[in-house]
Amino acid sequence: MRRTESDVDARVPRLLRVSAALSWRFVAVVAALYVVGMVVGYLATMVIPAGVALLLAALLSPAVAQLTRVGVPRGLATGLVLIGGLAVVGGVLTFVITEFSNGLPELQKQVSASLDTIRAWLHDGPLQLSDLQLQQYLDRVLQTIKDNQAEITSSALTTAATVGELLTGLLLALFTLIFFLHDGDGIWRFLVRAVPPDVRERADVAGRRGFASLVSYVRATALVAVVDAVGVGIGLWIVGVPLVVPLAALVFLGAFIPIVGAVITGAVSVLVALVAEGPVAALVVLAILIGVMQLESHVLQPLLLGRAVKLHPLAVVLAITAGLVVGGIAGALLSVPLLAVLNSGIRSLLSDSDRSVRPKDVDVLEPQETGPPDTGGTREADVNDDRRPR
């Protein structure tokens, strides 16, 4: 007697059937993510500027919306915000470069004095190296540089090419930003048309929740970056380390990569303090950096960033690590915002309270007011269903 397919399935243990079903679905998801990752990597020259433009749009959209509320045409409002933003960035860069140029001669003097101190210690200290031995070591360093001149030249050419790609990416990001600010809502409505009609409204609400989370993330990160830069800058000024403004600006930029960015850029301040002022000053700067990081991790991150995007610190660290491995600095910069958007969008799709929310009711510029509740959504929906007349 021939066994039917249902008889065979019935003889397979339920645990094995469930495991097999989960396994092939997991393989399909991993394969899809791999393909998406390959496509994104191939189009990185386009994807990274678009991601940066989206972050800037989340930062500047409130200003454009505010101008349009007072009667300014949207095109003019977009132009004013872009010109104002470029003026601020250009002014800050000019100021930082000027301060760096003014402080560089003094830093060179301090570095020269530190090198003389090291040379004296090598000559008169425990090592008791002779002038001939010191000169031999110096000649070896110079000979190593000469032997690797081709690699150094190749690295310089690669750096020049990277600078060219960076400028191209900045122009593409600026061009994309203009359209995001001017017609971001229209672009989003066009993209939502690809979603099936029966779930289009839920997807629209989830996407708006995600952008609201991105707006909240950018605001909180910018505030944390300002506090980090001001704290480290004041500490460097008190200690007397040169190039205070450029080093503080570097900390500000690094703080946009949560947790690890400010630590890495702050290490540059410690190195400058070590070279310019000696080990005691470096230890003091290190203590200041640790204090600022403690303030960020225990006060600012939970109060601002954690409240804004509702991400566990472990998830943030793992996202940064994965982004750094996959996409380098750009991946580390964009990984946490992407995780925040996905987290908010998925929470919206799973929230019963968002079933009755219309897309136009979601104000993406007020993310703290429009996020779906973390708990109680199902119970609230059940209560409302019970109260409805039958």
Side-chain angles (χ1 to χ4, degrees), residues 24-62 64-65 68 74-75 78 169 172-218 309 319 322-323 326-327 330-331 333-367 370-372 377:
W24 74 257
R25 287 177 171 84
F26 176 76
V27 171
V29 171
V30 171
L33 291 177
Y34 177 78
V35 172
V36 171
M38 292 294 292
V39 173
V40 171
Y42 183 76
L43 300 176
T45 307
M46 179 187 69
V47 173
I48 294 175
V52 173
L54 190 60
L55 290 178
L56 294 176
L59 181 64
L60 299 177
S61 291
V64 175
T68 55
R74 191 166 189 87
T78 300
L172 180 59
L174 180 61
F175 186 75
T176 308
L177 176 61
I178 294 174
F179 288 96
F180 281 168
L181 292 177
H182 183 264
D183 194 27
D185 192 60
I187 295 173
W188 172 246
R189 290 197 304 269
F190 174 79
L191 294 176
V192 172
R193 292 177 186 174
V195 180
D198 56 333
V199 293
R200 184 175 298 166
E201 190 168 283
R202 288 301 305 273
D204 194 356
V205 172
R208 293 174 185 270
R209 298 289 194 198
F211 188 75
S213 178
L214 184 64
V215 172
S216 186
Y217 168 83
V218 173
V309 299
V326 174
L333 175 65
L334 299 176
S335 58
V336 178
L338 177 61
L339 183 62
V341 170
L342 292 177
N343 175 62
S344 183
I346 292 173
R347 285 177 51 239
S348 175
L349 293 174
L350 298 178
S351 174
D352 289 333
S353 62
D354 267 2
R355 292 183 182 276
S356 58
V357 176
R358 294 175 298 178
K360 65 179 182 179
D361 295 332
V362 180
D363 188 357
V364 297
L365 303 182
E366 296 294 338
T370 59

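From a predicted model like this one, the values you see are computed outputs, not experimental measurements.
By the salt bridge (Lys or Arg N to Asp or Glu O under 4.0 Å) test, R74 pairs with no residue at all, sequence neighbours left out. Listed by chain and residue number, nothing satisfies the salt bridge (Lys or Arg N to Asp or Glu O under 4.0 Å) test with D183 (two or more places apart in sequence, or in another chain). Residues passing the side chain to side chain donor-acceptor pair (under 3.5 Å) test with R355, sequence neighbours excluded: D352.
Closest heavy-atom contact between V205 and S348: CG1-OG, 3.8 Å. For A57 against F180, the heavy-atom pair with the smallest separation is CB-CB, 3.9 Å. Nearest heavy atoms, A58 versus F211: CA-CZ, 3.9 Å. Across A53 and A173, no two heavy atoms sit closer than the pair CB-O, 3.4 Å. When all heavy atoms are compared, the tightest approach of I178 to T78 is O-CG2, 3.9 Å. The nearest pair of heavy atoms linking L54 to L214 is CG-CD2, 3.8 Å.
The CZ atom of R193 lies 11.5 Å from the CG atom of D204; values are rounded to the nearest 0.5 Å. Atoms OG and CZ, on S353 and R347 in that order, are 9.0 Å from each other to the nearest 0.5 Å. Atom CG of L172 and atom CE of M46 lie 8.5 Å apart (nearest 0.5 Å). Atom CG of L43 sits about 11.0 Å away from atom CD1 of I48, to the nearest 0.5 Å.
Looking at R189 and D185, a side-chain N of the basic residue comes within less than 4.0 Å of a carboxylate O on the acidic one, giving a salt bridge.
Between S213 and N343 the shortest side-chain heavy-atom distance does not fall below 4.5 Å. Residues L338 and L334 have side chains not in contact (no heavy-atom distance under 4.5 Å, counting atoms from C-beta outward). In this structure the side chain of F26 never reaches within 4.5 angstrom of the side chain of V29, judged on heavy atoms.
S216 places no side-chain N or O within donor-acceptor distance of the main-chain N or O of A212, the cut-off being under 3.5 Å.
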